[in-house]
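Whatever order the structure lists them in is the order used to number ligands and atoms, beginning at 1.
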Amino acid sequence: MKLQIAIDGPASAGKSTVAKLVAKKLGYVYCDTGAMYRATTYAAKKNHVAYDDDQGLKEMLEKTEIRFVPAEPEQKVFVNETEVTKTIRLPEIANNVSTVSAQKSVRADLTERQRMIAEKGGIVMDGRDIGTTVLPNAEVKIFLVASVHERAVRRFKENVEKGIDTPLDVLEKEIEERDYKDSHRKISPLTQAKDAVLVDTTSLSIEEVVAKIMEIIEKVQ
Ligand code: C5P
């Protein structure tokens, strides 16, 4: 059986790293829904549509294709013909994506696209509302969490490798702010689905988290 696997949780809990590895092990497709909200934020900036202009964003999305192209070490993200894989990770996008993702029209449009991608199963999808809203019937639902401090430390280490030197306390504050916005928005806020399994990754290695999730999947298969 080709399953739908939903992995939700707050920013920097390790969702994408773990989701990619689980997808690889199972030979499933990986879908990063955060990248779709980020790509929409990029398109809004490029087309001079205000980040909170619900109607403007709706019209813009009607003309916007968001595509994932398989590649190693990571899949590429395209908005129409432009590759945006790296651009969507920049602060200008990261600091505004919560505003864009809180708009009704944006959520409706991207939720529909995500359901189409997941339709046939064989998918690992990560985000904030996959288990609660996008795929309420997913066979496996994981809610991945880690302490704010641990998440900031992980982001700090990633940044050092990329030559970015944001102080740890600033990262902690940014993570807290994004958590708050994502958990308090009106539509599809970040919450654990009733039937999701909580996995706290604070003191676990990536391999340990993947093993835990594989165990949960094996019980369903
Ligand atoms: O996962 P990532 O940090 O890339 O997500 C960026 C932002 O996209 C989140 O902070 C959230 O505002 C939004 N998002 C969402 N619903 C999802 C995935 C991401 O609202 N399913």
(request) Pull out every atom of ligand 1 sitting under 4.0 Å from any heavy atom of D182, numbered as shown with elements. (result) 9 (C), 10 (O), 11 (C), 12 (O)
(request) Would you name the heavy atoms of S12 and R151 that are closest together and state the gap between them? (result) O-CG, 3.1 Å
(message) With no hydrogens and no angle check, just 3.5 Å: does a side-chain donor-acceptor pair link R154 and T201?
(response) yes
(message) Using modelled atom types and a 3.5 Å cut-off, is there a donor and acceptor pairing between side-chain atoms of R113 and backbone atoms of M116?
(response) no
(request) Indicate whether any N or O donor in one side chain lies under 3.5 Å from an N or O acceptor in the other, for T85 and E83. (result) yes
(request) Looking only at protein heavy atoms, identify the closest one to atom 14 (N) of ligand 1 and say how far it is in Å. (result) Y37 CD1, 3.6 Å
(request) Identify the heavy atoms of Q4 and E139 that sit nearest to each other, and give their distance. (result) N-OE1, 2.8 Å
(request) Please answer: with hydrophobic residues joined when any side-chain heavy atoms are less than 4.5 Å apart, are M214 and I206 in the same cluster? (result) yes
(request) Could you tell me the residue and atom name of the protein heavy atom closest to atom 4 (O) of ligand 1, and the distance to it rounded to 0.1 Å? (result) R38 NE, 2.6 Å
(request) Compare V97, T40, T132, T99 and give the one whose heavy atom is closest to atom 7 (C) of ligand 1. (result) V97
(message) Please tell me whether L110 and V29 are part of a single hydrophobic cluster in this structure, the criterion being side-chain heavy atoms less than 4.5 Å apart.
(response) yes
(message) Any atom of ligand 1 sitting under 4.0 Å from a heavy atom of R107?
(response) yes
(request) Number the atoms of ligand 1 from 1 as they appear, then name those within less than 4.0 Å of a heavy atom of R89, with their elements. (result) 4 (O)
(message) Counting non-hydrogen protein atoms only, what is the nearest one to atom 6 (C) of ligand 1? Give residue, atom name and distance.
(response) R178 NH1, 3.6 Å
(request) From atom 21 (N) of ligand 1, work out which of D129, I175, T133 has a heavy atom at the shortest distance. (result) D129
(request) Just jot down the ligand 1 atoms closer than 4.0 angstrom to any heavy atom of S101, in number order. (result) 11 (C), 12 (O), 13 (C), 20 (O)
(message) For atom 2 (P) of ligand 1, what is the closest protein heavy atom, and at what distance to 0.1 Å?
(response) R128 NH2, 3.6 Å
(message) For C31, run the side chain to side chain contact (heavy atoms under 4.5 Å, CB included) check against V134, D126, V124, I123 and tell me which one passes.
(response) I123
(message) Under 4.0 Å, counting heavy atoms only: does A11 come that close to any atom of ligand 1?
(response) no
(request) Decide if atom NZ of K212 counts as having more than 12 heavy atoms of other residues, nucleotides or ligands within a radius under 6.0 Å. (result) no
(message) Please classify the M125 to ligand 1 contact at 4.0 Å (heavy-atom distances, strictly less than): side chain, backbone, both or neither.
(response) neither
(request) Looking only at protein heavy atoms, identify the closest one to atom 18 (C) of ligand 1 and say how far it is in Å. (result) T33 OG1, 3.3 Å
(request) State if R185 counts as touching ligand 1 under the rule of any non-hydrogen atom under 4.0 Å. (result) yes
(message) Tell me whether ligand 1 is touched by E177 - counting only heavy atoms on the residue side and a distance under 4.0 Å.
(response) no
(request) Mark yes when over 12 heavy atoms from residues, nucleotides or ligands other than E62 sit less than 6.0 Å from its CD; otherwise mark no. (result) yes
